[in-house]
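What follows is a set of notes on a single structure, which appears directly below.
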Amino acid sequence: MITLLLAHLGSSLICLIPGRRSARWALPLAAVAPAVTFGWLVSQSSAVLHGHYPTTTITWVAELGLTISLRLDGLGLLMGLIVSGIGTLVLLYSTSYFGKRDDLGRLAGLLVGFAGAMLGIVWADGLLTLFVFWELTSITSFLLIGFEDRSATARSAAQRAFLVTGGGGLALLAGLILLGQAGDTTSISQLLADPPSGTVVTVALVLVLMGALTKSAQFPFHFWLPGAMAAPTPVSAYLHSATMVKAGLVVVARFAPVFAPVGPWRWLVVSAGLASLVIGGFRAMRQADAKLALAHGTVSQLGFMMVLLGLGTPATTYAGMAMLLAHALFKAALFLSVGVVDHSAGTRDMRRLRGLLRSLPVAAGMIIVASASMAAIPPTFGFVAKEKALDSLLDPGVGLVGWVALVGIVLGSVLTVAYTIRIAVGLLGNDAPGVPAADGRAAVVETPVGPSSLHRPSAGFLAAPVLLAALSVVFGLAADPVGHWLAEAAASIDPASASGSLHLWTGINTPLVLSSLIILGGWAVWWTTVAATRTMDAPYSLATRLYDHAYDALLAGARRLTVATQSGSLPFYVGVVLTTVAAAMATALIAGASQSITDVKWFNSALEAPLVALTALMALAVIAAKQRFTAAVLLGGSGYLLAIVYLLQGAPDLAITQFLVETLTIVVFLLALARLPRDFSPAPPWAPAWVRIGISVAVGVTVAAFALGASHARTAPSVGEDYIALSEPAAGGRNVVNVILVDFRGFDTLGEITVLAVAGAGVVNLVRSARRQQRRKQLADGVELEDRSGRPSEVWR
Amino acid sequence: MNDLLPLAIVIPLAGAAVSLLAIRSRATQRVVAILCAVATTAIAVTIVVHVDRNGTATAAMGGWPGSIAINLVADRFSALMLTVGSTMLLAVLLYAIGQRADDERSRWYHPAYLVLTAGVSGAFLAGDLFNLFVFFEVLLMASYVLLTLEGTDGQIRSGTTYVVLNVVESMVLVTGVALIFAATGTLNMAELPERLAALPDGIRLGLNLLLLIAFGLKAAVFPLFSWLPDSYPAAPSPVSAVFAGLLTKIGVYAIVRTQTLLFPETNRTLLLVVAGLTMAIGVFGAIAQSDMKRILSFHIISQIGYMVMGVALGGVAAISATIFYMLHHIPVKTSLFLVEGIVERDTGSSTLDKVSGLARRSGWLAALFLIPALSLAGLPPFSGFLGKLGVVSVALDQRSWWIVAVALAVSLMTLVSMLKIFNGAFWGDPMPSQVTAGRTGVLRHHPLMSGVTVAVVTGTLAIALFAGPLYRFCERAAFDVTNTASYTAAVIR
């Protein structure tokens with residue numbers, strides 16, 4: 001199995017890497033891997049149906065419980081056949097669908113890459129394996145929806161789809177991790193065999209459902225799917241009807257037999273599923289674009305299957321499996337047929353198409369057959385599956401939620417029949433309903449496309465949809481063996497559903513009566529609304545608008561927040577840092593740092609008191625100074641006074657250093673001040689004096705108090721004593737400060753020298769570049785070379 | 001073996017000196033710089049292999065006993081960071097030469113860059129708190145020179161913000177270091193754990209907070225982050241690439257080191273809150289921008305949040321996730337800036353309004369962007385997913401629901417901003433002015449820059465592919481880091 005997935009990855013890369021050169025051979029080449037997979041699955045099927053599930057595991061990161069572990073069970077077999085079978089057909093179909101384009105290598109590579117990832121989802125046994133492939137399909141789906149990246153609609157639709165499914169994916173990730181932790185396992189099959197319970201598990205399952213609902217485009221996350229129709233039709237047929245949107249169903253189908261009774265599971269899936277069923281149904285009736293109508297129909301059908309598979313009783317699970325197969329066949333056939341129509345007639349607008357029955361008889365036939373299957377009209381497989389579904393819902397034994405599901409499904413199916421008729425008639429009817437006469441929208445409708453303006457599709461182009469449509473009938477006629485096969489496949493997710501069976505004719509019973517009523521009701525709904533001309537504006541719905549509003553609000557909010565925090569004002573930033581320091585020190589003092597301050601010795605000598613007072617006075621004078629020059633001199637003065645304090649404390653070296661530094665600083669100041677304005681620039685308006693003074697005093701007081709506490713807290717001896725002891729005997733120097741600087745801690749000195757050297761280099765560089773820019777400015781002869789990011793001095797605002 | 005440790009610092013320093021002397025010859029400067037960077041990387045690799053086999057390596061500078069000397073210490077964590085760091089420095093150096101960032105206007109590029117290299121090695125290897133401070137200063141000065149290399153108004157403006165805030169940070173750090181010395185009588189990181197443990201709670205808390213503020217500012221965590229987005233985007237691309245990838249992570253390294261070694265028994269709820277806020281504020285900043293470089297700069301902040309989250313959660317599992325996160329993040333972030341550099345070089349802009357349709361001109365470039373971008377957003381199968389999975393798993397295991405919610409929401413918003421770049425710059429119609437440039441690939445015009453970018457992106461893929469053994473290494477490193485006794489025993493024999 002790993003080999004097959006790697007083959008998909010490999011062929012994906014082979015198609016992607018050479019870029020434009022691969023355009024011609026990429027599509028057929030890409031079909032090889034899915035075709036081989038299909039063959040392998042067929043060869044494995046009898047073993048799998050007898051309960052021998054091939055497994056394989058590669059450990060990726062053991063510490064995180066991350067493995068790539070695969071297991072081919074019945075559901076994996078069914079879905080694998082759908083994924084690889086339809087994948088092969090779609091790739092072959094694409095060779096005819098697309099004319100000569102130079103980006104088909106990209107398309108083929110992404111499609112086959114997607115096929116591999118999708119196989120990974122349906123075969124995944126590792127909890128995190130599932131997530132890895134899940135997100136891979138989201139990524140490839142994003143790139144495929146945005147395939148026509150010159151269209152802004154396609155770009156935003158791609159992004160919307162990615163963000164919705166990606167967001168759901170994150171919920172899924174959290175859910176899967178929690179399930180793994182609760183069940184102490186990394187494997188889905190082990191988790192289901194020995195299910196954990198508790199609040200955490202309930203939370204986890206809701207999270208998993210969130211993932212499944214987003215991926216399967218269920219209400220309220222359904223809106224991304226119609227938008228995804230911006231992708232080329234083969235992509236829509238494959239990803240957004242037959243396979244990827246079923247990923248959520250696959251997860252639900254696996255978990256439901258075990259976890260459906262837990263917490264709100266059933267109510268969640270049933271309400272989301274029914275809402276999608278109904279909303280999708282209504283929307284599908286109001287589209288002019290046949291492909292969009294089908295897309296809304298897909299939302300609706302996915303809702304139907306979500307209800308069935310989510311209820312998790314043996315009968316509904318079995319019926320759900322049958323629906324999975326039926327839907328994949330008829331929906332892919334319909335999409336591909338619409339693609340043929342679009343290709344031949346140049347439009348998918350049902351208001352413009354005329355006389356397809358005569359001009360495209362094969363395509364028209366396929367549309368009729370597949371529509372019949374979608375509307376559950378005998379003898380198609382869609383009918384057989386829906387009979388089973390109704391039957392399974394008649395007595396699900398899950399209480400009220402089961403009855404709600406039944407009523408909802410019957411009503412939703414009426415809509416299904418109605419929109420199916422509408423689409424079929426819209427595509428094929430000679431006098432298409434919905435052509436407005438005096439409506440304002442009539443202007444949109446251009447000249448009808450009749451038989452004369454068509455060109456006929458080739459046989460190869462038609463092969464894929466014909467095969468799929470034919471299977472819809474063949475499986476319907478051969479319902480018994482197919483039903484037997486499905487029962488054995490379904491047994492892998494719920495052993496109790498092994499007894500399920502499918503029949504084309506089950507006698508006159510409740511499901512049949514219901515089916516007839518649904519078809520009649522659907523026809524009636526269609527008939528009463530046939531003249532309704534209201535069509536919806538492309539893929540935009542309330543949910544899409546809400547999403548876009550939320551997205552815009554997020555961007556606007558982010559912008560406001562950033563403008564507020566990122567003011568570009570350096571004094572503000574410094575204020576924030578200093579406030580943080582003061583708050584931290586205050587916290588420490590409150591937490592007891594002040595307790596270690598005992599018997600403080602205020603003075604060492606009588607001279608200190610006036611010295612310190614004078615220093616403080618000078619510091620205050622610095623603040624009061626209005627001119628830069630005065631402030632610099634006063635600052636130097638307080639520095640000199642501090643040096644005297646050092647001297648009194650018995651540190652002549654330090655005092656001398658301080659004197660030198662102060663002198664040098666004042667000299668540099670004076671040199672620089674000559675080129676600066678005389679007065680300080682005014683303080684920024686947001687920081688009145690009391691704020692600045694407050695922050696400064698808070699920092700000074702808290703840091704000083706904490707410093708006092710910290711220095712009183714020491715009990716251990718200082719390393720300084722070792723230095724003094726070792727200085728003369730071991731290092732051979734009588735001045736311990738010198739020895740520290742050049743020997744004990746000489747390495748620090750090396751670093752500090754480097755700092756000075758680099759700082760010097762930086763200054764030289766700045767001076768030179770300033771000169772260079774001046775020269776360039778002169779050369780540019782008056783042309784202002786203003787930097788667009790503003791003048792350097794603006795940071796002081 | 002132990003003699004190799006100082007060489008990782010001394011070789012680039014000596015190279016810087018030679019480079020200064022050869023300031024008139026760009027060829028000599030280049031040769032010297034490349035030789036030194038290669039040598040440093042080779043030393044780092046040797047150290048990491050040796051340390052993994054034989055345990056922590058130490059070097060006492062000046063040959064004094066371990067308790068008196070300044071020690072250089074390489075355990076698995078610092079050796080790993082040293083390796084990743086010096087590899088990135090080498091890669092970006094080659095890229096910069098390809099971009100001619102070292103042209104005649106900026107002769108100071110090579111000396112400053114080599115000093116930066118020495119500073120990075122020193123910061124990772126320092127086993128003494130004051131020595132750590134010194135190397136932070138070395139880094140600061142060297143990075144300041146690099147930031148203002150071209151001396152344009154914009155660079156001086158952002159350089160001012162950068163240097164002033166970082167000098168404030170130095171003040172806080174040196175205060176913290178001085179007070180730690182006052183309270184314990186030593187700066188030796190092997191002796192400190194025991195002495196700090198003996199201090200009263202309030203004092204220990206205050207010292208810890210001082211260090212956290214200082215390193216937090218370096219790492220750009222909430223609320224000390226503002227300097228970063230105001231300064232990084234102004235730097236030349238190869239410079240911002242190495243800043244973005246490496247410098248903030250040195251702050252994170254220092255946080256991890258001090259939190260685990262010096263203050264192991266601390267309530268880190270506050271730090272967890274800081275982590276959440278850092279993630280959120282960074283990503284909000286990112287989605288508000290419409291310039292590639294600025295978006296990417298805000299993401300540095302947001303991503304730091306994940307690493308701090310790992311530290312705040314604590315324990316071997318969380319620390320190993322943090323270490324892996326750092327290991328993955330450094331090359332990913334670097335490569336994003338490298339791609340940005342190619343875009344800017346080719347189109348003359350990094351603003352999304354002015355760049356469009358790049359994918360049509362070079363699918364390769366699009367792939368080179370998309371891989372690290374999706375990795376940054378934490379999507380599988382890329383390395384970022386593994387890092388995120390690590391921290392999120394631990395948080396879920398500890399039932400810290402809110403931080404998980406924040407972390408996941410932030411990763412979705414990361415995706416939003418990455419898609420914004422991809423949608424804006426790579427999809428759509430190529431700009432008319434760029435179409436005339438012909439259909440030949442963008443990458444072929446800039447062979448050295450492209451080569452380096454491809455190599456770094458391949459490196460990130462390799463990190464994902466070989467995540468199993470790498471993660472095991474990170475776990476061993478985390479075990480080293482959380483085991484204070486082994487650190488002390490290695491230094492003071």
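Proteins come first, then strands; the chains are lettered A, B, ... in the order of their sequence lines, and each starts at number 1.
The line from CZ of A/R150 to CH2 of B/W427 is 14.0 Å long, rounded to the nearest 0.5 Å. Remark: B/L205 CG to A/I590 CD1 distance equals 10.5 Å, nearest 0.5 Å. Rounding to the nearest 0.5 angstrom, the gap separating the CG atom in B/L374 from the CZ atom in A/F162 is 5.5 Å. Atom CZ in B/R294 sits 9.0 Å away from atom OG1 in A/T562 (nearest 0.5 Å). One distance of note links CG of A/D743 with CE of B/M61; it measures 11.5 Å at 0.5 Å rounding. The line from CG of A/L64 to OH of B/Y471 is 4.0 Å long, rounded to the nearest 0.5 Å.
The backbone N or O of B/L149 sits less than 3.5 Å from a side-chain atom of A/N765, completing a donor-acceptor pair. For B/E475 (side chain) and A/E63 (main-chain N/O), no donor-acceptor pair under 3.5 Å exists by modelled atom type. A donor-acceptor contact shorter than 3.5 Å links the side chain of A/D149 to the backbone of B/G428. No donor-acceptor pair closer than 3.5 Å links the side chain of B/W108 to the backbone N or O of A/L766. When atom types are taken as modelled, the side chain of A/Q181 and the backbone of B/S393 share a donor-acceptor pair closer than 3.5 angstrom.
Interface residue B/I287: backbone and side-chain heavy atoms are both found under 4.5 Å from chain A. The contact between A/A731 and chain B is made by backbone and side chain atoms together, counting heavy-atom distances below 4.5 Å. Contact annotation for A/L750: only side-chain heavy atoms (C-beta onward) come within less than 4.5 Å of a heavy atom of chain B. With a threshold of 4.5 angstrom between heavy atoms, A/S711 approaches chain B through its backbone and through its side chain. Contact of A/L66 with chain B is made through the side chain alone, with heavy-atom distances under 4.5 Å. When heavy atoms are compared at a cutoff of 4.5 Å, A/R560 does not approach chain B at all. In this structure, chain A has no heavy atom under 4.5 Å from any part of B/N208. Contact annotation for B/L270: neither backbone nor side-chain heavy atoms come within less than 4.5 Å of a heavy atom of chain A. Interface residue B/L217: only side-chain heavy atoms are found under 4.5 Å from chain A. Proximity to chain A (any heavy atom under 4.5 Å) is shown, for B/F181, by both the backbone and the side chain. For A/V563, no part sits under 4.5 Å from any heavy atom of chain B, backbone or side chain.
The candidate with the highest count of non-hydrogen atom pairs below 4.5 Å against chain B, out of A/G720, A/G746, A/P717, A/A62, is A/P717. Contacts with chain A were tallied for B/R399, B/K388, B/Q289; B/R399 has the most, counting heavy-atom pairs under 4.5 Å. Per-residue counts of heavy-atom pairs under 4.5 Å with chain B were compared for A/R559, A/Q159, A/R745; the largest is that of A/R745. Contact tally against chain B (heavy-atom pairs below 4.5 Å) for A/G762, A/A710, A/G592: the top residue is A/A710. The most heavy-atom pairs under 4.5 Å with chain B, out of A/L554, A/L128, A/V203, A/L578, come from A/L554. Among the candidates A/I17, A/D103, A/T59, the residue making the largest number of heavy-atom pairs closer than 4.5 Å to chain B is A/I17.
For the pair B/V134/A/T754, no side-chain contact is recorded, criterion being any heavy-atom separation below 4.5 Å from C-beta on. Side-chain contact between A/R714 and B/L199 is absent, with no heavy atoms from C-beta onward closer than 4.5 Å.
Ring centroid separation for the pair A/F747 and B/F135 comes in under the 6.0 Å cut-off. Separation of the A/F744 and B/W64 ring centroids falls under the 6.0 Å cut-off.
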Report the C-alpha distance between A/V719 and B/S67 in whole Å, list the side-chain angles of each, state the deciding distance to 0.1 Å, and finish with yes or no for side chain to side chain contact (heavy atoms under 4.5 Å, CB included).
CA-CA 8 Å; A/V719 70; B/S67 56; over 6 Å; no

